[in-house]
Amino acid sequence: MKTHQFDALIVGAGGAGLMAALYASQEQRIKVAVVSKLYPTRSHTGAAQGGIGAALGSEEEDRWEWHAFDTVKGSDYLADQDAVEVMCREAVDVVLELEHMGLPFDRTPEGKIAQRRFGGHTRNHGEKPVRRACHAADRTGHMILQTLYQQCIKNQVHFFDEFQVLDLILSEGRVAGIVAVDIATGEVHVFHTKAVLFATGGWGKLWQITSNAHACTGDGTAIVFRRGVPLEDMEFFQFHPTGIRGMGILITEGVRGEGGVLINNEGERFMERYAPTIKDLASRDVISRAIYLEIRDGRGIDGKNYVYLDVRPETVNKHLAEAGETRRIDRAYIESKLPDILDFCRTYLGIDPVEEPMPIQPTAHYAMGGIPTNVDAEVVIDAQKTPLPGLYAAGECACVSVHGANRLGTNSLVDLVVFGRRGGRAMAEYARNAEFPPLPENPAAEALAELEQLRNADGGTRVAELREAMQDMMMTCVGVFRDAACIDSAIEKVRELRAIYDTDLHVDDQGKVFNQDLLDAWELGRMLDLAEATAVSALCREESRGAHSREDFPKRDDANWLKHTLVFRKPDGRLEIDFRPVVITNYQPKERVY
Ligand SMILES: Cc1cc2nc3c(=O)[nH]c(=O)nc-3n(C[C@H](O)[C@H](O)[C@H](O)COP(=O)(O)OP(=O)(O)OC[C@H]3O[C@@H](n4cnc5c(N)ncnc54)[C@H](O)[C@@H]3O)c2cc1C
């Protein structure tokens, strides 16, 4: 077995991992490596479309404090306000830093970074929509990823591409390394290190309809969970309102930011009823619920489970005129601002959004919860926020918490670069001062045993069958609307699926080289862990807040539930829940009105 030694290791090469790697590698005295199951620029960050939020005020007055207020309100008051302040303040500087690295943002005629509207972003505490989303057409994430990857190469960061991390090694109460398999050869490697930062992204693949890429299976989150770290606020998983019907492929909120509107079967712009002030730019949880209610009341298109998103220039111009705006748009404008969206619709639906409205439905999109951290990306393991020495997490897999019960659009990209940067600095500082901990004997034993068991699994149930059953169950019972009876049945079902996984799984490919069959099976094991943690947390929270909407507890309940959940996995596999208070600085919880 090959063993490597690096002072600091980053798992994942999306926006968060690359930003952390860039900053950690600026500390000359330590050796840094990135381990990633995907080639770095294939990470899901590259799919981010609409933009990155920062109160630059390029196009109209804006302040980071207004960004912070919108974030807290969007979170349904569950975000920790001290962390939100850090994020929104540093967003301004970090976006300029990306610009200086060469990120090709769209520009205003004067050459400033162009900004557009996005859901929940407002001027002066909700007065009216503000232009805050910095973007490079609808390929913002792609540009961030390319820019950061180039910078990492320039800084001579060491990359292990297409290495899948299987386990975290702890020794003497601190981090000692990771175990990974080289996907090309099937060979297992041990990485001995002082500090590990997980930046392994989200887990949309738990649900049937999702905007997430195939690789978004939550591996890192599940790995640390199995090693005793609790997971925070797992019940909060965001459904983005506008996925392509039946496929879930994302249609960015930037479409509505550019003036697109949602229409029901009666041709009505129904968001006027649900959010009279900012209408189609209300936060995502509000809009996803509105779409479900329209569909439930028979106002889906042709009575079916979808509505239209209409960005035809004549529709947009009509609404701009009604709002008293002088601006008008045309085909060329839509083509320059939303080229990929037009392409997706032509390719997957055979329709041109400039001529016809797009059929859309809510799609599982973003994990607000995850590995609990403080603002320096240090992983904390209890309600008192005790750090686990050497362990860090940043990006979608982490929960700082800046998104609380519901994330605002453009705030994930901000989270990646702000907390990736802080995490990279913090881990470098730690690694510079720490000694290498001893490696336990046979550090890869457990991971190897699991892999061999899966490789030889010759039962009667295929991975895809179990995965579909899980996705279907999560969609039905732990989706946009929930209630105790359905969540209960989901918990029972996931435990049944786990039992089949353990005793009756079938893996076809016994080979070593690029054995995706085996890795799919391994990933399904992680997803079942996260599905159970999500359902158990969702059952526990008896209120409706943000993306967690309980039909049996339809109201937000600040008296009892203004707190974060922490779900722990005990060594015997039982799950237990504890709580942590929400940090409130400037904004007392209020009813959310959009
Ligand atoms: C279609 C789409 C559009 C979006 N648009 C926007 C937007 O406009 N604005 C916004 O703010 N947010 C947007 N988001 C959300 C945002 O893009 C993601 O939350 C964010 O990119 C996640 O970045 P990350 O660095 O945490 O993880 P990712 O970019 O998902 O990267 C995860 C990395 O972890 C690695 N990895 C995972 N498991 C393992 C393992 N076992 N071993 C080794 N490596 C592993 C992968 O190889 C990958 O490199 C969008 C999301 C989607 C899906």
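Position 1 is the first residue of the sequence, and the numbers go up from there. The analysis underlying the following values was restricted to heavy atoms, covering all of them including side chains, and did not include hydrogens, waters or symmetry mates. Remember, it's 1-based here, ligands and their atoms both numbered in the order they're listed.
Both tests hold for Lys73 against Tyr594: distance to the six-membered ring centre under 6.0 Å, angle to the ring axis within 45°.
Applying the ring pair (Phe, Tyr, Trp, His ring centres under 6.0 Å) rule to Tyr348 yields no partners; only residues at least two apart in sequence or on another chain are considered. Cys152 pairs by the side-chain contact (heavy atoms from CB on, under 4.5 Å) definition with Leu18, Ala21, Leu22, Val157, Phe159, not counting sequence neighbours.
Annotation for Asn212 and Lys205: closest pair O-CE, 3.6 Å, computed over non-hydrogen atoms.
Applying the salt bridge (Lys or Arg N to Asp or Glu O under 4.0 Å) test to residues at least two apart or on different chains, none of the pairs has a partner in residues 40-50.
Within 4.0 Å of ligand 1, protein heavy atoms belong to Val11, Gly12, Ala13, Gly14, Gly15, Ala16, Val35, Ser36, Lys37, Leu38, Ser43, His44, Thr45, Ala47, Ala48, Gln49, Gly50, Gly51, Phe163, Gln164, Val165, Ala199, Thr200, Gly201, Ser211, Asn212, Asp219, Leu250, His365, Tyr366, Gly395, Glu396, Arg407, Thr410, Asn411, Ser412, Leu413, Leu416, listed by chain and number.
Here CD of Glu523 is found 5.0 Å from CD of Gln164. Values are rounded to the nearest 0.5 Å.
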